[in-house]
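All residue numbers refer to positions in the sequence shown, counting from 1.
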Amino acid sequence: MKRRNNFPSGLLYACALVAGLSAAAANLPSEWKHEQSFDVSTNGLVKISLPVETLDAARPLLEDLRLYQDGGNEVPYMIERPAPVAKVVQEAKSFQIALNTDTTVIRLETGLGQSLDCVTLESPAMNFIKAVRVESSNDGEHWQMVAQGQPIFRQPNGASHLRISFPASVSKWLRLTVDDQRSQPIPFTGALVHAAAGEPSPGELIPATITERDENPGETRLALSLGAANLSVVSVQIATTEPLFMRQVSIAVPIISEDSIREQTVGQGAVYRVAVAGQTPSENLSVPLESLVRSRELFLLIKNGDSPPLPVSAVRVERRPVYLVFLARQPGSYHLLTGNAHCAAPRYDLAALAMNLKNVAVSPIRIPPPSDNPNFSAPEVLPGLEVTGATLDVSEWKFRKPVKISSGGAQQIELDLDVLAHKQSGFADLRVLHGSNQVPYIVQNTSISRALTPTVTATNDVRHPKLSRWIIKLPRAGLPLTRLACVAQTPLFERSLLLFEELADERGNIYRRPLGSATWIQTPERQSKELALALDSMLQSDTLFLETENGDNPPIALEKFQVFYPATRILFKAKPDDALFLYYGNPHVAPPSYDLSLVADQLLAAEKKVASLSAEESLQKSSWHENQMPGQGGVLFWGILAVVVVVLLLVISRLLPKSQPPANK
């Protein structure tokens, strides 16, 4: 009797599919953390645009990328990175200027036999905005207008735009007419002509998340999350509702330098929305970059000068795609592997494949996000970074603060005023401890300026009635201040100002230690109500003095004082239940030496939790001498001197001959 099969056919198919996938997964190498499976329907050359998730999971140059077929056969591949074609840029063959009543006419011979699409003018003028009309000709007699109302400008805040674009064409001659109706003519010293590029390189716009916005003096700093690392970024584009503006913009990336993280400028340009000579407003909201960004983060620094901060509602970045090209010898499932920090880059013999790349169209195959390779154990966050290091005797440290963390993984702490005031120069004495063991960390120096509002008292010296002095009291001594700012209400003046602190030497003599100086001029034509004075050296006390000589003029009125210091952070890795402390205040210890350089890129790319510091705890009492404020150093000197004098008097009194009693008569 034939037994009946009670399993539904769908269930049998599912079991077979799972078994097939398991067999395929079993053949994948175990050294790779991430796997992406996709299907190829036909054989032949395949060209796929790698998703940003793949680039994020792989190493920056894709050294760890591997491709496998079902059955475990490794498939050779090529990586294609489209790049813009270099444009020919050269000086104009001839350059002539004619100055008319309301215009400046520039006539130039291009010297290019190919199409050109823009001209860059050269001028030493520092403050202007003009409209330009562009005409082209091949015989120098008959002209055709190709662009109208193109803006050129240069502003005191650094924003500059002297490049004039127009539709690409072959032109032997160009005539540029600069409108001078609304402002004085400016000098022009030369011009560069730009040949038109060929086919534009492909690009893709992706949104960037604004994770931080900091308003520094005269500058807006935006921290942008790209959502992935290792992106080839072409440009950064902003969205704003501001109707008319001009701003200089810089782009920076975090880099590792000498066991710390700093911000390095990698691109700059001008964004603007301007209307000149009654023309329709012209705009440029994009800053060029053309760089491989290895971190997940970018910093956008917008120079505002004396203008209010520019409202930025959104930011997008344009990235260049990265293509994976391989020969599919048969249809089926393929597996893309990433996430191996130690493997070498593969070497494939793909000379024959490279010859056919230009004829391969991009396939519409969709690659899913990376998942854990079933043959690889689920990796922890920053597996290459040990959370505990060598033990440390903290008996020489004077202060500590408990560290509060919300969850495990990569952590970020911004150092507060207590730490900044008591730490050693260069942060050499900072230590993060779990029990008696050190937790490796790396210092991140940011471009953020934090503001403090001090207590200010205006005083006058009766002995010097022409002198104005402001006493500026700070919340801590020894803060790493970089800048002092204040606002003047007096409309017309010229003053030289000196910033200093008063200290005492070992003998108690008070002396001035200069910190900065500036000359401040304010006229009806040149009004700058805010004084920005940079500090030349590190502060030692908690009191600043600002002085100026008024001569025979009335005193100036200053208000709204602020001081600024740079925000400094430390990055490290922690477990959720770690009880951590930040130790500082040891002036004699050398800086720590951790092997963070091996995993610093991972630490930068990781999503970081924001940890915080609790109240300061004093671990040992400072000596009497250390407790003296700068400026009181002579108290100890005079006290010791007094003791010495008393001892000397006693010694002298013992050495003097004693008087004899009078003889009896």
Side-chain angles (χ1 to χ4, degrees), residues 20-21 23-85 199 201-202 204 228-232 291-294 319-376 379 601-602 605:
L21 291 176
N27 294 317
L28 297 179
S30 60
E31 296 86 357
W32 276 258
K33 302 174 187 177
H34 310 294
E35 184 257 347
Q36 295 166 276
S37 297
F38 60 94
D39 293 327
V40 176
S41 58
T42 60
N43 59 346
L45 282 177
V46 179
K47 184 176 182 179
I48 302 173
S49 178
L50 293 175
V52 294
E53 294 86 357
T54 304
L55 303 177
D56 186 47
R59 284 154 59 183
L61 301 179
L62 304 180
E63 304 98 317
D64 58 336
L65 192 69
R66 296 295 187 275
L67 184 63
Y68 281 83
Q69 283 180 296
D70 273 352
N73 294 324
E74 185 173 352
V75 180
Y77 67 84
M78 288 191 67
I79 295 296
E80 181 186 356
R81 295 180 181 269
V85 179
E199 288 292 327
S201 299
E204 175 191 13
N230 307 322
L231 301 183
S232 297
S291 176
L292 175 63
V293 179
R294 300 194 176 197
R319 78 169 188 98
R320 296 214 183 277
V322 179
Y323 296 121
L324 175 75
V325 185
F326 63 95
L327 177 62
R329 299 189 180 277
Q330 60 187 24
S333 294
Y334 287 78
H335 306 271
L336 199 59
L337 302 183
T338 51
N340 186 330
H342 306 291
C343 67
R347 293 184 177 182
Y348 301 127
D349 184 9
L350 296 171
L353 185 62
M355 295 176 59
N356 300 312
L357 282 181
K358 293 183 179 180
N359 301 322
V360 182
V362 179
S363 171
I365 294 175
R366 304 289 294 180
I367 301 179
S371 60
D372 289 337
N373 182 354
N375 295 341
F376 188 86
D601 287 334
Q602 301 175 44

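I79 pairs by the side-chain contact (heavy atoms from CB on, under 4.5 Å) definition with L50, L62, L65, Y77, R81, V322, L324, not counting sequence neighbours. Residues meeting the side chain to side chain donor-acceptor pair (under 3.5 Å) test with R319, sequence neighbours left out: E204. By the side-chain contact (heavy atoms from CB on, under 4.5 Å) test, D64 pairs with W32, A58, R59, T338, N340, C343, sequence neighbours left out. In this structure, the side chain to side chain donor-acceptor pair (under 3.5 Å) partners of S37, at least two apart in sequence or on a different chain, are E35, H335. Qualifying side-chain contact (heavy atoms from CB on, under 4.5 Å) partners for P368, counting only residues two or more places apart in sequence or in other chains: none. In this structure E31 satisfies the side chain to side chain donor-acceptor pair (under 3.5 Å) test with no other residue, sequence neighbours excluded. In this view, T54 and Q36 satisfy the side chain to side chain donor-acceptor pair (under 3.5 Å) rule, not counting sequence neighbours. Every residue was checked against the ring pair (Phe, Tyr, Trp, His ring centres under 6.0 Å) condition with Y68, not counting sequence neighbours, and none meets it.
For residues 325-347, there are no salt bridge (Lys or Arg N to Asp or Glu O under 4.0 Å) pairs, not counting sequence neighbours.
At least one side-chain heavy atom of P84 sits less than 4.5 Å from a side-chain heavy atom of R320. Between D70 and Y334 the shortest side-chain heavy-atom distance does not fall below 4.5 Å. The shortest distance between side-chain heavy atoms of P370 and E53 falls below 4.5 Å.
When all heavy atoms of H34 and A57 are compared, the pair lying nearest together is CD2-CB, 3.7 Å. Shortest non-hydrogen contact noted between Y323 and P82 is CE1-CG, 3.5 Å.
To the nearest 0.5 Å, the span separating CZ on F326 from CD on Q69 amounts to 8.5 Å.
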Full working for side chain to side chain contact (heavy atoms under 4.5 Å, CB included) between N230 and D56: CA-CA 6 Å; N230 307 322; D56 186 47; 5.6 Å; no
Indicate every side-chain donor-acceptor pair of residues 38-46 with a distance under 3.5 Å to a residue at least two apart or in another chain.
from : atom 1 : to   : atom 2 : distance (Å)
D39  : OD1    : S333 : OG     : 2.7

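Formation of a donor-acceptor pair under 3.5 Å by the S291 side chain with backbone atoms of V293 is not found in this model.
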